[in-house]
A.B. asks: 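Mind having a look at this structure? Questions to follow.
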Amino acid sequence: MRETAEKGFFWQWGKSMFRLRWMIVSIWIVLFICLAFFAQKAPALLKDNGFTPKGSDSDLGLIQLQQKLDYPASTFTLIYQSENLKLSEPEASAQILDSLNDLRKLPYVMDVALVQASRLPIEHFEHVSSNLKQENVQAVNVFVQLNGDQALDHYADIKALIHAPTGMQVSLTGGTAILFDMQDASKKDIVKSEVIGLPIAVVVLLIIFGTVLGAILPLIVGLMSVTVTLGITYFIAQSVSLSNFLPNIVTMLGLAVGIDYALFLVSRFREELKTQATIEDAVAMTSQTAGKSIFFSGVAVLIGLFGMLFIDLSIYRSLCLGGVIVVSVSVLVAETLLLALLSLFGTRINALRVIPSRFRRKEASHFWEKIAYGVMKRPVTIIVVMGAILLFFTYPVGQMKLGMPDSGVLPPSYESRAGTDLLNQAFDAREMNPIQIYVENDQSVWDEATIERIQAYINQLNQLTGVKAVKSYLSEFKDLTSAGMAAQFKSSGLKDQIVSSRLAKENSAVIIVQPEYDPEDSQTDRLVKDIRELNTGALKTMVTGGTAYRVDMLQRIRDGIPKVVGFVMIVTYLILLMAFRSILLPLKAVLMNLLSLGASMGIVVTVFQKGFLADLLHITSIGYVSATLPVIIFCVVFGISMDYEVFLISRIAEEYEKTGDNEVSTAEGLKKTGSLITSAAFILIVVVGAFIFTDIEIIKALGLGLTLAVLIDATLIRILIVPSLMKLLGRANWWAPQWIKGKSKVKQVTK
């Protein structure tokens, strides 16, 4: 069997890498130098938050408001505070507006106006400042004719013209300011994660291999993968809008997957050096065994990432793009550059020892073999107990509450987060974030027939549960008949006043609905849906505003989740079916992944929604889980945690092809991969776990979810549940129809 395997594709690939080793290394060095220059510039080009449900009713409604009623494309909000001055007084407000005169002169600034929302009671300030009172706060909106990317480009110019009058402090917030701070936090997070994770990874690699070269090669693969991917991203970002979270996912996946793949290849190469006649044969056999496993493992990860494409939000497309590129590059670097470097170093891979060889075990540890046989003595008990534990940790998933990502993903130390917190505690959020309805008729909004239709629609709105107030261009004339209103609007001065207030123009108008409950409340979500179900007759309506955006985003996620889960599970099963030539092994791998994924997601809910250990992890926004997280964690974790299952089962299958004994093969597979997979898992936990201590809470949650999934997978799943299931299923593990097995030469040995 071994001789047959040596003639396979991966064997020949390894041979080619050996023959072309100098050329391959040279190509990668040139590629790295060229792309490293652009990689450092890539994060500055990523300006999309990725959460906008483009093409939805809320998105199209906002576009219509901007095009037909001259609504601003972006809004900056300035929140002023003073412990000594009463900023609510007209004199202080005038002083604030005067300080913004230079800002008004910018060609793209449409207007500067005080926030008109009602002030909240004094006790709302207890979490901001114990000395701050209701009259000590004022807020100003700056409306600009700049879309998201343009506003971000001019952010520094706008901020430079904002100076708080004497005795006051000012914070700049709003969507653009939050996005700017997210970009800054994203860059810092990448550096912070590398500073924390990489030194520990180096130490672990030195302990595993005991040599400098053995430890450095996995780091080369990881850093090469990340750098090349960010360099490629720079050119893609020239024409495609990408999420500012992309560099984080690229760094996280690139380091984790790249180091892991290299670890398995280098370890297998050192093992093959002892049994193969030449270095060329050692490289070829390494490619045939570990290289083949890495290929299928990479495909499994890619399947998970491609699952994100089933949800129509740009953040998923961006993260899918970054993830697919970095994982593909990681596999390519491992299968080409690393094999070429191993060909060059040969036996020198064992030189430059930092741990003397006499202190290193010469043969595979029997520790894992003993564990395997011990576990296989009580398979039913272990499966029941471990399954119950994992289901217990999974339980909180059923109580998960999804929320819209906003400034809360940043720590309070960032200006936009602190400003938003103060703004929300000072002013009524229902008035600052109303539901907006774009209304269009085939006739002018000044005509009697149109007025009658819109008034009838407003009457329907007022009857809905959860509506506190409704405002429109008709509000000031509610005591008049439709004919009376039409007569009033014949005054050009009155029409100009309404047009300048952006309430109506030509055949378009906006109706502003103030909800009874907070914009984030589920009852306000219900109100948005109720408004959309109203019979509008001849009127064309689009419901927009912050709540409507959240409703549309959540709906797209909910609609896409079944497709994501179905696609990832089915395609992963089919790929593993090709790899293992077994019906049950791929099914077991998929189900085990769901167990570890569910348990890790349950813990994420407990930490981020319920606040368990929130202070320790510096989590400042609790009570919900970011709506985008479940899908991201599922897609990324499902693929990554499949790695160890693939490596373990591949080695068990390799042993089974030699012996035909299920129990012995399981013990041998765990014996030969136990220490290696544990080390790989520990390195991944260190690299990915470093993101738990970064600033952006979406990345913190992803780091926690992935870390927990790998920890659970590398301990409870791999050490206890997998050997138990292998024992219970026996020869059924390896059954498959002959057309699937092909020309398999597995020995039919009975125990």
Side-chain angles (χ1 to χ4, degrees), residues 57-58 60-72 75 110-111 113-118 141 143 428-517 519 524 527-548:
D57 193 55
S58 56
L60 295 176
L62 180 59
I63 292 172
Q64 292 287 12
L65 289 176
Q66 292 170 359
Q67 293 179 348
K68 301 295 181 64
L69 296 177
D70 300 322
Y71 262 53
T75 302
M110 299 172 61
D111 195 11
L114 295 174
V115 169
Q116 298 300 316
S118 303
N141 282 330
F143 305 107
D428 192 332
R430 297 170 300 178
E431 296 179 28
M432 289 191 298
N433 301 283
I435 298 169
Q436 298 167 322
I437 307 172
Y438 170 76
V439 180
E440 185 178 299
N441 192 41
D442 52 3
Q443 296 174 298
S444 169
V445 294
W446 318 115
D447 292 347
E448 181 180 345
T450 303
I451 292 172
E452 191 170 339
R453 290 172 182 172
I454 293 178
Q455 189 60 55
Y457 180 56
I458 290 174
N459 292 338
Q460 290 187 74
L461 291 171
N462 279 314
Q463 294 173 13
L464 292 177
T465 301
V467 173
K468 184 178 181 181
V470 179
K471 178 184 176 182
S472 73
Y473 75 109
L474 305 177
S475 297
E476 298 296 325
F477 312 97
K478 58 185 178 182
D479 296 330
L480 299 177
T481 63
S482 299
M485 293 182 191
Q488 288 286 331
F489 292 143
K490 289 181 180 179
S491 165
S492 60
L494 180 58
K495 284 199 290 189
D496 290 343
Q497 183 180 348
I498 292 174
V499 170
S500 65
S501 64
R502 303 186 182 91
L503 289 174
K505 183 180 180 182
E506 297 175 352
N507 65 336
S508 302
V510 62
I511 298 175
I512 300 171
V513 178
Q514 182 184 334
E516 187 72 38
Y517 305 96
T524 308
L527 177 58
V528 169
K529 295 175 183 177
D530 289 343
I531 292 173
R532 286 173 171 169
E533 291 173 359
L534 290 176
N535 181 10
T536 62
L539 295 176
K540 176 183 178 182
T541 63
M542 296 179 183
V543 183
T544 185
T547 301

A.B. asks: Closest heavy-atom contact between Val470 and Ser475?
C.D. replies: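 Distance-wise, the nearest heavy atoms are O-OG, 3.9 Å.
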
A.B. asks: Please identify each residue that fulfils side chain to side chain donor-acceptor pair (under 3.5 Å) with Ser118, with sequence neighbours left out.
C.D. replies: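 For Ser118, the residues satisfying side chain to side chain donor-acceptor pair (under 3.5 Å) (neighbours in sequence not counted) are Glu431.
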
A.B. asks: Do you know the tightest heavy-atom contact between Leu503 and Leu69?
C.D. replies: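 Smallest interatomic distance, heavy atoms only, reads O-CD1, 4.3 Å.
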
A.B. asks: Does a sphere of radius 6.0 Å around NZ in Lys68 hold more than 12 heavy atoms from other residues, nucleotides or ligands, not counting ones at 6.0 Å or beyond?
C.D. replies: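 Count over threshold, so yes.
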
A.B. asks: Could you check whether any side-chain N or O of Gln460 sits under 3.5 Å from a backbone N or O of Asn535, counting only pairs where one atom can act as donor and the other as acceptor?
C.D. replies: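 It does hold such a pair.
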
A.B. asks: Please indicate whether Glu476 has more than 12 foreign heavy atoms, meaning atoms of other residues, nucleotides or ligands, lying under 6.0 Å from its CD.
C.D. replies: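 Not buried by this count: 12 neighbours or fewer within 6.0 Å.
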
A.B. asks: Could you tell me which residues satisfy side chain to side chain donor-acceptor pair (under 3.5 Å) with Ser472, sequence neighbours excluded, listed by chain and number?
C.D. replies: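 Side chain to side chain donor-acceptor pair (under 3.5 Å) list for Ser472, sorted by chain: empty.
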
A.B. asks: Taking C-beta and beyond as the side chain, do Leu464 and Val513 meet within less than 4.5 Å on heavy atoms?
C.D. replies: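 With C-beta onward as the side chain, the pair stays apart.
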
A.B. asks: Any chance you could measure Gln64, atom CD, to Glu440, atom CD, to the nearest 0.5 Å?
C.D. replies: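 One finds 6.0 Å between CD of Gln64 and CD of Glu440.
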
A.B. asks: Can a donor-acceptor pair be found, under 3.5 Å and without considering hydrogens, that links the side chain of Asp57 to the backbone of Val543?
C.D. replies: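 Answer holds: yes.
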
A.B. asks: With sequence neighbours left out, write down each residue that passes salt bridge (Lys or Arg N to Asp or Glu O under 4.0 Å) with Asp496, or none if nothing qualifies.
C.D. replies: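 In terms of salt bridge (Lys or Arg N to Asp or Glu O under 4.0 Å), with neighbours along the sequence ignored, Asp496 is linked to no residue.
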
A.B. asks: Looking at residues at least two apart in the chain, or sitting in another chain, which of them share a salt bridge (Lys or Arg N to Asp or Glu O under 4.0 Å) with Asp111?
C.D. replies: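 By the salt bridge (Lys or Arg N to Asp or Glu O under 4.0 Å) rule, Asp111 matches no residue at all.
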
A.B. asks: Tell me, please, which residues at least two apart from Asp530 pass side chain to side chain donor-acceptor pair (under 3.5 Å).
C.D. replies: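 Scan of Asp530 (side chain to side chain donor-acceptor pair (under 3.5 Å), adjacent residues dropped) gives Arg526.
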
A.B. asks: For Glu452, what residues pass the side chain to side chain contact (heavy atoms under 4.5 Å, CB included) criterion, not counting sequence neighbours?
C.D. replies: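 Expected list: Ser482.
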
A.B. asks: So Asn441 and Ile454, side chain to side chain contact (heavy atoms under 4.5 Å, CB included) or not? Walk me through it.
C.D. replies: CA-CA 9 Å; Asn441 192 41; Ile454 293 178; 5.9 Å; no

A.B. asks: Hey, what do you get for CD (Gln436) to OG1 (Thr547), rounding to the nearest 0.5 Å?
C.D. replies: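 Here the rounded value is 10.0 Å.
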
A.B. asks: I need the minimum non-hydrogen distance between Ser444 and Thr450, along with the two atoms involved.
C.D. replies: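 Answer, listing the atom of Ser444 first, then Thr450: O-OG1, 2.8 Å.
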
A.B. asks: Can you name the residues that form a side chain to side chain contact (heavy atoms under 4.5 Å, CB included) with Thr541, not counting sequence neighbours?
C.D. replies: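 Residues passing side chain to side chain contact (heavy atoms under 4.5 Å, CB included) with Thr541: Ile437, Val439, Tyr457, Thr536, Leu539.
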
A.B. asks: State which residues pass side chain to side chain donor-acceptor pair (under 3.5 Å) with Asn433; sequence neighbours excluded, sorted by chain then number.
C.D. replies: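 Side chain to side chain donor-acceptor pair (under 3.5 Å) check on Asn433 returns nothing, list empty.
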
A.B. asks: So, Ser58 side chain and Thr544 main chain: donor-acceptor pair closer than 3.5 Å or not?
C.D. replies: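 Checking the backbone N and O of Thr544 against the side chain of Ser58, no donor-acceptor pair under 3.5 Å is found.
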
A.B. asks: Can you name the side chain to side chain contact (heavy atoms under 4.5 Å, CB included) partners of Thr481, sequence neighbours left out?
C.D. replies: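 For Thr481 the side chain to side chain contact (heavy atoms under 4.5 Å, CB included) partners, ignoring immediate neighbours, are Ala483.
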
A.B. asks: Measure the shortest side-chain to side-chain distance between Arg430 and Pro519 over non-hydrogen atoms and say whether it is less than 4.5 angstrom.
C.D. replies: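 Yes. Closest side-chain heavy atoms under 4.5 Å.
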
A.B. asks: CD of Gln67 to CG of Leu60: how many Å apart, nearest 0.5 Å?
C.D. replies: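 These two atoms lie 10.0 Å from each other.
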
A.B. asks: Of all residues at least two apart in sequence or in a different chain, which pass the ring pair (Phe, Tyr, Trp, His ring centres under 6.0 Å) check with Phe489?
C.D. replies: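 For Phe489 the ring pair (Phe, Tyr, Trp, His ring centres under 6.0 Å) partners, ignoring immediate neighbours, are Trp446, Tyr473, Phe477.
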
A.B. asks: Keeping to residues at least two apart or across chains, list the side chain to side chain donor-acceptor pair (under 3.5 Å) pairs with something in residues 497-516.
C.D. replies: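 Residue pairs with at least one partner in residues 497-516: Asp70-Lys505, Tyr438-Ser508.
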
A.B. asks: Do side-chain atoms of Gln116 reach the backbone of Leu114 as a donor and acceptor pair under 3.5 angstrom?
C.D. replies: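 Yes, the answer is positive, given that a donor and an acceptor are paired below the 3.5 Å cut-off.
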
A.B. asks: Atom NZ in Lys468, atom CG in Leu527: separation rounded to 0.5 Å?
C.D. replies: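 If we round to the nearest 0.5 Å, Lys468:NZ and Leu527:CG are 13.5 Å apart.
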
A.B. asks: Please round to the nearest 0.5 Å and tell me the distance separating atom CD1 of Ile458 and atom CG of Leu474.
C.D. replies: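 Between Ile458 CD1 and Leu474 CG, I get 5.0 Å after rounding to 0.5 Å.
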
A.B. asks: What distance do Lys478 atom NZ and Gln455 atom CD have between them, rounded to the nearest 0.5 Å?
C.D. replies: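 Going from the NZ atom of Lys478 to the CD atom of Gln455 covers 10.0 Å.
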
A.B. asks: How would you list, by chain and number, every residue that makes a side chain to side chain contact (heavy atoms under 4.5 Å, CB included) with Gln463, sequence neighbours excluded?
C.D. replies: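 Applying side chain to side chain contact (heavy atoms under 4.5 Å, CB included) to Gln463 gives none.
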
